[in-house]
2 protein chains.
Amino acid sequence: MLSKTAEYALRATIYIALKGSEDNKLGIEEIAKGIDSPRSFTAKILQLLTQNNRVISSVRGPNGGFYLTDRARKLPVKAILAAVEEENVITKCVLGLKECSETRPCPMHTQYKNIKKQLKQMFEKTAIQQLVDEFNKGNYFIDNLKGVRKPC
Amino acid sequence: MLSKTAEYALRATIYIALKGSEDNKLGIEEIAKGIDSPRSFTAKILQLLTQNNRVISSVRGPNGGFYLTDRARKLPVKAILAAVEEENVITKCVLGLKECSETRPCPMHTQYKNIKKQLKQMFEKTAIQQLVDEFNKGNYFIDNLKGVRKPC
DNA sequence: GTAAAAAAGGACACAAATATCCTTTTTTAA
DNA sequence: TTAAAAAAGGATATTTGTGTCCTTTTTTAC
Ligand code: FES
Ligand code: FES
């Protein structure tokens, strides 16, 4: 469904929103550990998220790190996908035709368009902060560590 | 969503089911042109479909080619995905956690599981022949050729 | 103003997906 | 029984995705 890049982007952003703030910025080391992802690769992805679309904010130097502004927390999850150029999941033809349209539909279009609509809604209507709230209800996870983990 | 391999596998199988039969087998040349895909790569994919799961039947030599048996036409679309080892779209966690489960859900699980269920149903409950029937209703497409095309 | 901390950036390494080409085997038709 | 047709198979090339490492820049604390 999504590339590793997009998956790490989503997990990292949620993690930062969850555990960080403007006066408690998180380092790449902690983030990568927290979401169980390769450190340097994740760093590259965070660059995309700070540059392209300003989903994540960052500060260099001692006490620097990553955090999300209140504005960013209100952004839809789709903004994360946009930053890593993977919005196309919600527009593509399931059979890989160049265009997905009503005027030139593939044989699966009628069935698939309904699913795609829901995917689109999920990514567009869900704010990043909503995922944080969901997590904070308890018993949600964002890493692959075994055993039960205390919710934050 | 799906890899090129899976997309070509789906389109090719539908095309063969649509235009071929046991006494009108289709050559790789025609198939690749018919679905607008790279010839040799498509040939490799058809090998997977003939071997792994017997979705497609083939015969070598003059008047040889590819076709679908009546039995194969009744197989679910998922059988095509299985042949190219891409069934995991309907089981994976949207955030890329190693397991998607109720006992260890990610923050998007609650929303995504419903979508995944529908995806699963689409691939499992739809028979290959149904897609052919859908196509034959007219004004459906399986290639990228411009302009209006006469439905078969 | 110097040293340390941290992200940013660049270069490279490795792996997987995509794609092409050529040879071999099977089959049919003449 | 030979030639041609067609898929099967093998080797390799190309591109993209994933991942690492090292240097540079920015910032803070002392
Ligand atoms: S045209 Fe294929 S999904 Fe819309
Ligand atoms: S755990 Fe992430 S989708 Fe189910």
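Here the structure is a predicted model, which means the values were calculated and not measured.
Between B:Gln47 and D:dA7, a side-chain N or O to OP1/OP2 separation shorter than 4.0 Å is absent. For D:dA8, one of the phosphate oxygens OP1 or OP2 lies less than 4.0 angstrom from a side-chain nitrogen or oxygen of B:Ser58. Close to C:dA7, at under 4.0 Å from its OP1 or OP2, lies no side-chain N or O of A:Thr50.
In terms of modelled atom types and a separation under 3.5 Å, the side chain of A:Arg39 and the main chain of A:Ile28 share no donor-acceptor contact.
Side-chain polar atoms of B:Thr42 and B:Ser37 form a donor-acceptor pair below 3.5 angstrom. Remark: the B:Thr5 side chain and the B:Glu86 side chain contain no N/O donor-acceptor pair separated by less than 3.5 Å.
For B:Lys92, the NZ atom is densely surrounded, since the number of other residues' heavy atoms within 6.0 Å is greater than 12.
Atom NZ in A:Lys4 sits about 12 Å away from atom P in D:dT20, given to the nearest Å. Atom-to-atom, CG of B:Leu2 to C1' of C:dA17 comes out at 14 Å; the value is rounded to the nearest Å. In this structure, A:Glu29 places its CD atom 14 Å from C1' of D:dT20, rounding to the nearest Å. C:dA17 atom C1' lies 13 Å from atom CD of B:Glu7, rounded to whole Å. The distance between atom CG of B:Leu26 and atom C1' of D:dA6, rounded to the nearest whole Å, is 13 Å. Atom P of nucleotide C:dT27 and atom CZ of B:Arg60 are separated by 7 Å, given to the nearest angstrom. Distance, B:Glu85 CD to C:dA16 P: 13 Å, rounded to whole Å. The distance from atom CD1 of A:Ile56 to atom C1' of C:dA8 is 14 Å, rounded to the nearest whole Å.
Of the candidates D:dA4, C:dA7, D:dT28, C:dA7 carries the atom nearest the A:Phe66 side chain, counting heavy atoms from C-beta on. For B:Ser3, the listed nucleotide lying nearest its side chain is C:dT18; candidates were D:dA8, C:dT18, C:dG9. For A:Gln51, taking side-chain heavy atoms from C-beta onward, the closest of the listed nucleotides C:dC21, C:dG9, C:dA19 is C:dG9.
Comparing A:Asn63 and A:Lys44, the nucleotide of DNA chain C nearest to each residue sits closer to the 5' end for A:Asn63. The residue among A:Tyr8 and B:Ile28 whose nearest nucleotide of DNA chain D lies closer to the 5′ end is B:Ile28.
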Next on the checklist: A:Asp143 vs B:Arg104, test: salt bridge (Lys or Arg N to Asp or Glu O under 4.0 Å). Steps then yes/no.
Outcome noted: CA-CA 10 Å; A:Asp143 63 22; B:Arg104 213 173 176 289; 3.0 Å; yes

